[in-house]
> 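Starting off with a structure, shown below.
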Amino acid sequence: MATNLFKQEIAEALANTELFTKEQVLGLMTIPQDPQHGNFSVPCFSLAKTLRKAPKIIAEDLSKQISLPSSVSKCEAINGYLNYYIDPQILLQKILSAVAEQGEKFGHLPSQNKTVIIDYSSPNIGKELAFHHIRSTMIGHALSCIYQAAGYKVIRINHLGDWGTQFGKLIVMYLRAELPTDVESLAKLTVKELNLLYTQFSKAAQKKPEMEDEAREVFAKLEAGDEFYRSLWEAFKEATLKELRRIYKQLGVDFDYYTGESFFEDLIPPVIDELKAKNLLEVSQEREVVMLEDLDLPPCLIRKSDGSTLYATRDLAAAIYRQKEYAFDRCLYVVDQGQALHFKQVFAVLNKMGYAWSKNMVHIPFGLILHQNEDGKWEKGKTRTGSASLLRDVIAAAQEKILEQIQEKNPDLPDAEHVAMQIGVSALTFNDLKNRRLMDVKFDWDSALSFEGATGPYLQNAHVRLCSIQRRAGYQVELSQVDWFHLTDDYSMELVRIIDRKSTRISQAVEHDEPALLAQYALEIAEAAHRFVHHNRVLGSAEEKSRLFLVQCTQIVLKDVLTMLGVYPIEAM
RNA sequence: GCUCCCAUAGCUCAGCUGGAUAGAGCAAGUGCCUUCUAAGCACUAGGCCACAGGUUCGAAUCCUGUUGGGAGUACCA
């Protein structure tokens, strides 16, 4: 980050006045939002009291006294601020030569020697991915890329919901429907059919509540090792994974491990023993629980009255396993905010067990996907009642709509279907990431499939235009061929100022575990790039080489940022 | 009841660790394609930053309270 060098120089020069220490200046210094106010700015208000003078006067006096580092072309006092203007050519040279040297790694942070586990997506086996699953999946994916760029070792885990009472329900309904249970039929199962069984179960259980008990019994047997139930469970799992892998491939998402809840089955008894040994386990209302009254939390349920385990039990086992296996420095759970209490309880139990590392476990909550009902009110969609849209349907619809637009705008585009998928998926992904994750996402088909303005396609189009210019140029510009003076116009300078913020934005995104900060940054780059390309003719101009160089640099930066966000950096559309 | 989240233009949202005239997109109105992708650019219009206090030289931003909306709250995940 070139910015730091300039900051240091300015701070040192200001510290010579002995009114500030270098550290104070660095703390006060900001980057003005309006370029008119220079590259760096030091507010002098804090000196008003000690010097008993108006900030405006102080700034004016200072601007006359101080010596300027060679990189600063001028320093002006305006409204109590000391505004520093960096020599444009030095600024350009420092920033763009760094991009040219470091390529896509420009703005990445040095290795932190830390391991972070990110647990995301984590859908339930036997159910289709609903549209809302895109949230955990893409927020988690973006975070894992961002952490990587910030110098962390990242372990991506898909903690599949492949265990629990739900399988009791599925099996009960499967057998009630008298579906075939031979090996070949089981191998042909699809998620679609399984999903249907869920819906049927919910409906049937409303009339016959005893089915719920039946499901619990079946799961208890499955957990106890019943072979027949086990074979059904395995078939259900395989059928679901097949479809999951297909969708993850479209989304461009990958995991290091698919360790579902069932993986921890054998690790649960030792955890329960450990809880007993540490005198944390109590029996209350026939259930085994860990009381958390001292923390003003409801008890954490460890084992149901029929002896089977719960979500929390498996999360405890998983956490302990992960710490042992990966010695993580941080473990993120990208799960909707509705489960905040659950994670508070799990982390609290781990803490009571004496695991100091429980403080490194973080729940990364996010808002819901809301659907509009007939009265125009936004409410939570439910897979069970079928009011939620399926992710694959939304992707397909987006792809289809984009394909229409391609046929209209660029009928000769090769591989149009694939590109349409990449644009459609990116549009959905970006729509999900562009706002702060805790905000609820109001989903309706019209706005989800509208691709104007601040959308995925807008970003991709900026990248495409930068690629197109390079393609037509047919050559690469080297650093030595650039005349910095040719890039001192407002559009170029604005673009470079934005490029320089990459590392700051990455660290901010990590600090807040907030992909939206990077998403907004992507918009800033794309906006400035569109403006630059529109106003500054590259090929055939007197400034061709220098401008082409800026195009190259911008494209590299934009590509990396888009990739981190899960937006496909396509080269033609 | 208790806990957490949200409140900024007609709609959907940005606004970094407090700083200079509060910004986008959509919707409305108007220009710009014989020149690198118009999925774009330029412009007009649109605001009591929910309300009330407090901290501060300075608050959309921090603190407290109020109101409105959402989520969660022991044998689902």
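Worth knowing before you read on, the calculation uses all heavy atoms, side chains too, and leaves out hydrogens, waters and symmetry mates. Every chain is numbered from 1, with letters handed out A, B, ... down the list of sequences.
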> What is the distance, to the nearest angstrom, from the CG atom on Asp296(A) to the C1' atom on rA74(B)?
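Computing the Asp296(A):CG to rA74(B):C1' distance gives 15 Å.
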> Just so I know, are the side chains of Tyr458(A) and Asn461(A) near enough to count as touching, which here means a heavy-atom distance under 4.5 Å?
no
> List, one per line, each side-chain donor-acceptor pair under 3.5 Å for residues 419-430 of chain A, sequence neighbours excluded.
residue	atom	partner	partner atom	Å
Ser426(A)	OG	Gln422(A)	O	2.6
Ser426(A)	OG	Gln460(A)	NE2	3.1
Ser426(A)	OG	Tyr568(A)	N	3.0
Thr429(A)	OG1	Val425(A)	O	2.9

> In whole angstrom, what separates Arg437(A)'s CZ from rG70(B)'s P?
23 Å
> If we count only N and O atoms by modelled type, under 3.5 Å, do the side chains of Glu76(A) and Tyr84(A) hold a donor and an acceptor together?
no
> When you measure from every atom of RNA chain B, which of residues 164-172 of chain A have a heavy atom less than 4.0 Å away?
Gly164(A), Thr165(A)
> How would nucleotides 26-31 of chain B be written as a contact map, 5' to 3', with B for base contact, S for sugar-phosphate-only contact and - for no contact, using protein heavy atoms under 4.0 Å?
SS----
> What string of B, S and - do you get for nucleotides 2-8 of chain B, 5' to 3', when a contact is any protein heavy atom under 4.0 Å?
-S-SSS-
> Could you tell me the separation between the CG atom of Leu539(A) and the C1' atom of rC36(B), rounded to a whole number of Å?
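Whole-Å distance recorded here is 5 Å.
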> Figure out the CD/P separation between Gln36(A) and rU21(B), and round it to whole Å.
14 Å
> Between atom NE2 in His530(A) and atom P in rA39(B), what is the gap in whole Å?
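Between P of rA39(B) and NE2 of His530(A): 10 Å.
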> Using atom CG of Asn461(A) as one end and atom C1' of rC33(B) as the other, report the distance to the nearest whole Å.
14 Å
> Report the residues that fulfil side chain to side chain donor-acceptor pair (under 3.5 Å) with Glu223(A), sequence neighbours left out, ordered by chain and then residue number.
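Only Thr309(A) meet the side chain to side chain donor-acceptor pair (under 3.5 Å) criterion with Glu223(A).
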> What do you reckon, do His342(A) and the base of rA77(B) stack, with centroid distance below 5.5 Å and planes below 30°?
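Whether judged by distance or by angle, His342(A) falls short somewhere, so it does not stack on the base of rA77(B).
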> So what is the 5' to 3' dot-bracket string for RNA chain B, if pairs are Watson-Crick or G-U wobble with both distances under 3.5 Å, crossing pairs use [ ] and | means the partner sits on another strand?
(((((((..((((.....[...)))).(((((.......))))).....(((((..]....))))))))))))....
> Quick one: Phe451(A) CZ to rG25(B) P, roughly how many Å, whole number?
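Spelled out: CZ on Phe451(A) to P on rG25(B) is 19 Å.
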> Do Tyr333(A) and Gln339(A) have side-chain atoms, one donor and one acceptor, less than 3.5 Å apart?
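No - no donor-acceptor pair under 3.5 Å links their side chains.
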> What is the distance, rounded to the nearest whole Å, between atom CZ of Arg531(A) and atom C1' of rG25(B)?
14 Å
> Would you tell me whether Gln555(A) and Gln470(A) have side-chain atoms, one donor and one acceptor, within less than 3.5 Å of each other?
yes
> Should Asp315(A) and His159(A) count as side-chain neighbours, where that means a heavy-atom distance under 4.5 Å?
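Yes - at least one pair of side-chain heavy atoms lies under 4.5 Å apart.
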